[in-house]
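Each remark here refers to the structure printed beneath this line.
Letters A, B, ... mirror the listed sequences (proteins, then strands); counts begin at 1. Just so it is clear, the values below take in all heavy atoms, side chains as well, and ignore hydrogens, waters and symmetry mates.
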There are 2 protein chains.
Amino acid sequence: MSQGKKRKNSGRVTLADVAKLAGVGSMTVSRALRTPDLVSTGLREKIDAAVAQLGYLPNKAAGALASSQSDIVAVILPSLTEFATNEIVLALKSVLEPAGYQLIFTASNYDSQEEEKQVRALLQHSPAALILPGTAHTSQTLKYIENISLPVVELSALTLTPVHINVGVDHHASAYQLTKFLYMKGYRHIGFIGAYTNFGRFAMRLAGWQKAMIDHDMASHRLVLGLSEVSFSVGAELLMDTLARWPDLDAVICSHSELAAGLILEANKQGVKVPEQLAIATFEDPNLCNTLQPSLTTVDIPYADVGTQAAEALLQALIAGNRDKVVKSLGFRVKTRAST
Amino acid sequence: MSQGKKRKNSGRVTLADVAKLAGVGSMTVSRALRTPDLVSTGLREKIDAAVAQLGYLPNKAAGALASSQSDIVAVILPSLTEFATNEIVLALKSVLEPAGYQLIFTASNYDSQEEEKQVRALLQHSPAALILPGTAHTSQTLKYIENISLPVVELSALTLTPVHINVGVDHHASAYQLTKFLYMKGYRHIGFIGAYTNFGRFAMRLAGWQKAMIDHDMASHRLVLGLSEVSFSVGAELLMDTLARWPDLDAVICSHSELAAGLILEANKQGVKVPEQLAIATFEDPNLCNTLQPSLTTVDIPYADVGTQAAEALLQALIAGNRDKVVKSLGFRVKTRAST
DNA sequence: AATTGTGCTGATTGCGCTATCAGATAGCTC
DNA sequence: GAGCTATCTGATAGCGCAATCAGCACAATT
């Protein structure tokens with residue numbers, strides 16, 4: 001019974017088993033599976049039959065080790081629960097999975113320390129590429145990704161110092177445009193409410209709003225609320241208090257759709273007329289914003305495009321094997337709805 | 001320059017590099033990293049220093065090959081865009097990631113052929129466990145997962161023939177209860193609208209509704225619509241036509257929240273009173289259903305619990321190394337809101 | 001003093017695969 | 001038919017790690 005072996009094999013069917021059954025060398029089986037054109041028809045058929053008969057499944061860990069390349073693409077997202085996430089994930093998958101890549105997702109929860117941990121964990125799987133948010137990284141994270149010779153994609157936010165591929169939207173400009181849009185509509189007392197948990201975007205949008213306020217001589221009418229949490233109810237609780245404190249206020253920009261939704265629901269309940277008494281505008285989630293009554297004016301951000309373009313640029317880099325810097329800034333547009 | 005080597009090494013820092021720098025054997029480094037208690041303090045400190053200095057990251061592919069076990073947990077979800085998905089993903093992550101597992105997600109899109117492909121692809125990464133929907137599998141898929149000696153979790157739907165761990169909600173019973181609830185409220189002409197894309201759940205809920213209709217002598221008042229697609233607009237388009245064809249209809253159960261939402265929005269637009277003229281009830285998404293006006297009566301399904309309990313049962317199986325069958329049926333309850 | 005542990009350490013081997021190179025065979029040129 | 005290329009095949013040698021086992025020092029036991 002004891003085979004005198006030092007090591008038990010894992011029990012799985014291996015390349016060698018297939019080779020033996022097909023009566024060929026294992027190298028030929030390996031070729032038949034990866035580059036069938038290099039194997040003669042006769043052998044290929046025998047091998048295919050053997051593979052089917054044994055139900056052979058290649059062991060990718062072994063393949064990755066031997067060839068020092070894998071089909072894993074590691075993706076770090078800021079959060080798993082946001083509208084944008086879903087769009088981006090679907091887009092990435094639709095491009096990268098057909099090309100034979102496996103995606104691994106994790107979330108940093110807008111915490112750069114957590115991101116660093118995730119990067120460390122993911123790099124141990126020697127992925128073919130790394131996709132992560134375009135927001136602030138720790139110096140250790142930067143060290144990891146700069147030392148490593150694999151394509152890196154920074155997503156969603158445009159960076160000043162892109163590592164390699166950077167696809168995103170200029171959040172500063174979008175907030176600027178939204179503010180300007182409200183100004184054109186005649187609003188003069190435009191507040192900004194956001195959550196700084198969302199580190200990158202909050203700051204950029206805030207800055208964009210601020211610049212627009214100054215450029216349009218509204219600098220004296222400033223309300224900024226920085227929250228530590230985002231939800232319908234936080235938005236709802238805010239409304240009456242904010243109106244009481246800033247009676248001049250005629251419009252509000254929310255950094256998150258959920259906040260804006262909370263405001264609207266509460267306004268309906270309290271009899272505050274939107275947009276007559278208060279205009280509300282926000283970013284991103286068209287589904288939610290359309291469902292609400294009145295519907296919400298937003299800056300539509302094409303997150304699906306962010307994902308698609310990022311994936312395509314990545315695929316090119318993967319195929320070409322180059323590390324050329326690619327920066328793509330995607331458009332956005334203010335989508336006027338009933339709330340302004 | 002040429003080293004006469006047959007094979008270039010990958011350029012990454014390896015265990016051996018750390019060992020050389022620390023002046024110890026590579027096996028000791030391996031131990032220091034995985035089972036520090038078995039290494040003396042002096043060497044451990046030297047090794048830690050060397051690891052830090054070199055920025056060493058273990059190569060998990062090599063580790064997986066050598067030990068024939070990996071830290072990857074492969075998860076197949078029916079869809080990435082559903083409410084339930086998000087809840088489940090978060091719950092799985094919160095239990096399994098702290099335990100040191102890496103999750104890989106893919107989606108089968110309610111297609112068992114696609115599921116089979118995904119299973120094949122995922123098994124090549126020799127995962128530590130496989131999590132997949134508890135709905136119908138192809139015979140090939142069953143062959144894969146039955147032959148394989150790894151923990152399998154079937155999620156969300158209860159199965160008649162669980163492979164190993166099965167955590168879910170009895171969709172049949174939930175539809176039955178919801179129908180009964182409407183009956184108690186006085187409704188007698190209760191229709192059912194669903195999408196059969198969602199193979200498992202649709203059939204089970206339909207059956208539950210049907211049973212309840214028969215049990216409560218409403219068998220003669222039956223409307224069933226089986227759709228091939230789900231969205232707000234499909235729901236909206238349906239409303240007037242359905243009312244015209246089934247003038248008796250006083251209540252509708254929708255298999256998907258989105259359909260119900262579409263119906264409500266259209267009812268508001270057309271002046272159809274909910275619930276006076278038509279009651280509407282559905283399943284699952286409390287966020288959406290609460291936001292709507294009138295708010296939607298639903299069967300609340302504790303998807304977060306599904307995820308948590310599945311992950312915990314899995315963790316136990318992983319630690320104990322057993323393959324005991326575990327079946328957990330989670331509760332649900334009818335959440336009455338304004339729409340009924 | 002001889003024996004048996006006990007705790008650490010490292011040499012060796014192999015996990016299952018692919019890169020590399022050396023043959024083998026067939027097809028072609030002159 | 002010699003010489004050459006083009007095409008195919010397989011033997012071998014790692015990839016980086018962990019399982020295994022042997023060795024060694026030192027403490028504990030008799």
Side-chain angles (χ1 to χ4, degrees), chain A residues 2-47 51 54 56-72 123-126 128, chain B residues 2-47 50-51 54 56-71 123-126 128:
Chain A
S2 155
Q3 304 167 45
K5 273 195 172 183
K6 276 199 78 172
R7 196 80 151 271
K8 59 182 184 283
N9 65 356
S10 63
R12 279 177 60 157
V13 178
T14 70
L15 254 198
D17 297 328
V18 176
K20 201 181 295 171
L21 180 61
V24 300
S26 61
M27 205 44 230
T28 305
V29 177
S30 177
R31 272 194 209 98
L33 295 173
R34 292 178 304 139
T35 50
D37 293 348
L38 299 181
V39 176
S40 63
T41 318
L43 288 190
R44 208 188 321 150
E45 282 167 1
K46 257 193 268 181
I47 290 170
V51 165
L54 296 174
Y56 169 67
L57 289 176
N59 179 333
K60 294 225 168 165
L65 183 58
S67 67
S68 52
Q69 52 179 281
S70 83
D71 65 355
I72 290 177
L123 288 183
Q124 300 187 12
H125 291 279
S126 9
Chain B
S2 156
Q3 306 168 42
K5 273 196 173 182
K6 276 199 79 174
R7 196 81 152 272
K8 59 179 185 286
N9 65 358
S10 63
R12 279 177 60 157
V13 178
T14 69
L15 255 197
D17 297 327
V18 176
K20 200 181 298 171
L21 180 60
V24 301
S26 62
M27 205 44 229
T28 304
V29 177
S30 178
R31 272 192 210 100
L33 295 175
R34 293 177 305 140
T35 49
D37 292 347
L38 299 181
V39 175
S40 63
T41 318
L43 288 191
R44 206 187 324 148
E45 281 167 3
K46 257 192 266 179
I47 290 169
V51 165
L54 295 174
Y56 169 68
L57 289 175
N59 179 334
K60 293 227 167 163
L65 185 58
S67 68
S68 52
Q69 50 178 285
S70 84
D71 64 356
L123 288 184
Q124 299 186 15
H125 291 279
S126 10

Q) side chain to side chain contact (heavy atoms under 4.5 Å, CB included) between A:Val29 and A:Val24: does it pass, once the steps are laid out? A) CA-CA 7 Å; A:Val29 177; A:Val24 300; 3.7 Å; yes
Q: Not counting sequence neighbours, which residues clear side chain to side chain contact (heavy atoms under 4.5 Å, CB included) with A:Asp71? List them please.
A: A:Lys60, A:Tyr101, A:Gln102, B:His125
Q: Go through the structure and list residues passing side chain to side chain contact (heavy atoms under 4.5 Å, CB included) with B:Ser70, not counting sequence neighbours.
A: B:Ala64, B:Ile72
Q: Give the C-alpha distance, both sets of side-chain angles, the deciding distance and a yes or no for side chain to side chain contact (heavy atoms under 4.5 Å, CB included) between A:Leu21 and A:Val18.
A: CA-CA 5 Å; A:Leu21 180 61; A:Val18 176; 5.9 Å; no
Just how far, in rounded Å, is [atom2] of [N] from [atom1] of [X]?
{"X": "B:Leu38", "N": "D:dT20", "atom1": "CG", "atom2": "C1'", "value": "14 Å"}
{"X": "B:Arg12", "N": "D:dC17", "atom1": "CZ", "atom2": "C1'", "value": "12 Å"}
{"X": "A:Lys60", "N": "D:dC15", "atom1": "NZ", "atom2": "P", "value": "23 Å"}
{"X": "B:Leu54", "N": "D:dG16", "atom1": "CG", "atom2": "C1'", "value": "15 Å"}
{"X": "B:Asp17", "N": "D:dC17", "atom1": "CG", "atom2": "P", "value": "9 Å"}
{"X": "B:Leu57", "N": "D:dC15", "atom1": "CG", "atom2": "P", "value": "19 Å"}
{"X": "B:Asn59", "N": "D:dC15", "atom1": "CG", "atom2": "C1'", "value": "8 Å"}
{"X": "B:Leu65", "N": "C:dC17", "atom1": "CG", "atom2": "C1'", "value": "8 Å"}

Q. When all nucleic acid strands are considered with a 4.0 Å heavy-atom cut-off, which category describes B:Leu15: base, sugar-phosphate, or nothing?
A.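 Result for B:Leu15 = sugar-phosphate.
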Q. Quick one, which residues of residues 19-37 of chain A touch DNA chain C with a heavy atom under 4.0 Å?
A.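 Per residue number, the list reads A:Met27, A:Ser30, A:Arg31, A:Arg34.
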Of the candidate nucleotides [options], which contains the atom at the shortest distance from the side chain of [X]?
{"X": "B:Ala66", "options": "D:dT9, D:dA18, C:dG16", "value": "D:dA18"}
{"X": "A:Ser40", "options": "C:dC17, D:dC8, D:dG16", "value": "D:dC8"}
{"X": "A:Pro58", "options": "C:dA19, C:dC17, C:dG16", "value": "C:dC17"}

**Q.** side chain to side chain contact (heavy atoms under 4.5 Å, CB included) between A:Val39 and A:Thr28, worked out
**A.** CA-CA 7 Å; A:Val39 176; A:Thr28 305; 4.2 Å; yes
